[in-house]
K.L.:
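Submitted below is the structure of interest, expressed as structure tokens.
All values below come from the heavy atoms of this structure, side chains included, with hydrogens, waters and symmetry mates left out.
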Amino acid sequence: MADRTGLAHSLSYKAGGAAATGSYTAVANTRDVDVADSRAEIELNSRSGAKNRGGLRSVTITVELLTDFADASYTAIKAAFTGGTVISFAWGEAIDGNVDHADFEIVEFTKNEPYEGPATTSVRATSVSAVTASASGGPTVP
């Protein structure tokens with residue numbers, strides 16, 4: 001398997017959540033994107049003994065955006081944070097079409113204004129719905 005750079009991956013959004021009308025739009029002004037995908041460990045007790053199983057997937061996306069008030073993705077993410085509404089993100093590999101998507105709540109929106117260099121905004125989003133994986137037939141990311 002060949003190494004892949006971050007350029008092979010894509011992050012897209014849809015304001016209003018996955019059930020909203022419209023299609024996903026690429027978040028083009030990103031500098032860094034981190035996706036932490038995990039499962040909660042749950043303990044099941046039965047007469048035969050306790051068993052540990054993986055629970056629902058929980059995803060946290062941390063992204064650093066260039067602060068651009070005219071950019072549609074920046075304003076949509078900021079509106080989801082200030083309004084307390086959900087926003088759907090689709091992420092994955094644009095090359096082979098393996099894309100996951102879920103509804104998220106923006107829980108952190110931090111502006112960074114360094115002395116030198118462009119102003120950026122750090123955004124952290126946590127999933128509030130089940131994560132749907134789609135090898136094909138799901139949302140396409142531009």
Side-chain angles (χ1 to χ4, degrees), residues 1-46 49-142:
M1 179 177 181
D3 291 338
R4 295 191 180 174
T5 65
L7 297 175
H9 299 272
S10 177
L11 177 67
S12 300
Y13 77 96
K14 183 173 14 168
T21 58
S23 59
Y24 284 85
T25 304
V27 181
N29 65 342
T30 60
R31 294 190 73 181
D32 287 321
V33 177
D34 295 317
V35 178
D37 195 350
S38 62
R39 289 190 184 271
E41 186 176 345
I42 47 179
E43 184 177 322
L44 300 174
N45 291 313
S46 66
K51 296 179 182 179
N52 290 330
R53 306 253 184 202
L56 293 175
R57 285 175 68 184
S58 175
V59 175
T60 299
I61 294 178
T62 305
V63 60
E64 185 176 355
L65 303 170
L66 294 172
T67 302
D68 181 1
F69 301 111
D71 182 66
S73 59
Y74 180 87
T75 56
I77 293 169
K78 183 177 180 183
F81 174 71
T82 56
T85 58
V86 297
I87 187 168
S88 182
F89 284 115
W91 66 97
E93 300 179 15
I95 292 173
D96 58 12
N98 289 325
V99 177
D100 293 341
H101 62 95
D103 287 344
F104 286 81
E105 183 178 64
I106 307 297
V107 295
E108 186 176 312
F109 194 85
T110 306
K111 293 182 182 178
N112 308 307
E113 298 178 2
Y115 182 71
E116 292 183 9
T120 60
T121 302
S122 298
V123 175
R124 188 167 53 93
T126 57
S127 58
V128 294
S129 70
V131 178
T132 304
S134 53
S136 62
T140 56
V141 291

K.L.:
Can you name the residues that form a ring pair (Phe, Tyr, Trp, His ring centres under 6.0 Å) with F81, not counting sequence neighbours?
P.N.:
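F81 satisfies ring pair (Phe, Tyr, Trp, His ring centres under 6.0 Å) with F109 only.
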K.L.:
Would you kindly say whether N29 and D71 are connected by a side-chain donor-acceptor distance under 3.5 Å?
P.N.:
yes
K.L.:
Apply side-chain hydrogen bond (donor to acceptor under 3.5 Å, both in side chains) to T67 and list each qualifying residue two or more places apart in sequence or on a separate chain.
P.N.:
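Here the qualifying residues are T121.
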K.L.:
Could I get the full list of side-chain hydrogen bond (donor to acceptor under 3.5 Å, both in side chains) partners for D37, not counting sequence neighbours?
P.N.:
R57
K.L.:
List for me each residue that meets salt bridge (Lys or Arg N to Asp or Glu O under 4.0 Å) alongside E64, sequence neighbours excluded, and say none if there are none.
P.N.:
none
K.L.:
Closest heavy-atom contact between A125 and I106?
P.N.:
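Heavy atoms only, the tightest pair is CB-CD1, 3.8 Å.
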K.L.:
Which heavy-atom pair separates S12 from A26 by the least distance, and what is that distance?
P.N.:
OG-CA, 3.7 Å
K.L.:
S88 side chain to A102 main-chain N or O, any donor-acceptor pair under 3.5 Å?
P.N.:
yes
K.L.:
Measuring from atom CG of D32 to atom CG of L65, what distance do you get when rounded to the nearest 0.5 angstrom?
P.N.:
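Rounded to the nearest 0.5 Å, the CG-CG separation comes to 10.5 Å.
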K.L.:
If you look only at distance, which donor and acceptor atoms sit under 3.5 Å apart when one is on a side chain in residues 111-119 and the other is two or more places apart or in another chain?
P.N.:
from: N112; atom 1: ND2; to: T120; atom 2: OG1; distance (Å): 3.4
from: N112; atom 1: ND2; to: S122; atom 2: OG; distance (Å): 2.9

K.L.:
Out of curiosity, E105 CD to I87 CD1, how far, rounded to the nearest 0.5 Å?
P.N.:
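Result: 12.0 Å between the selected atoms.
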K.L.:
Got a donor-acceptor contact below 3.5 angstrom from the S129 side chain to the D103 backbone?
P.N.:
yes
K.L.:
Find out whether T126 and V59 are in side-chain contact, i.e. whether some heavy atom of one side chain is under 4.5 Å from a heavy atom of the other.
P.N.:
no
K.L.:
With sequence neighbours excluded, tell me which residues meet ring pair (Phe, Tyr, Trp, His ring centres under 6.0 Å) with F104.
P.N.:
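With neighbours one apart ignored, the set is F89, W91.
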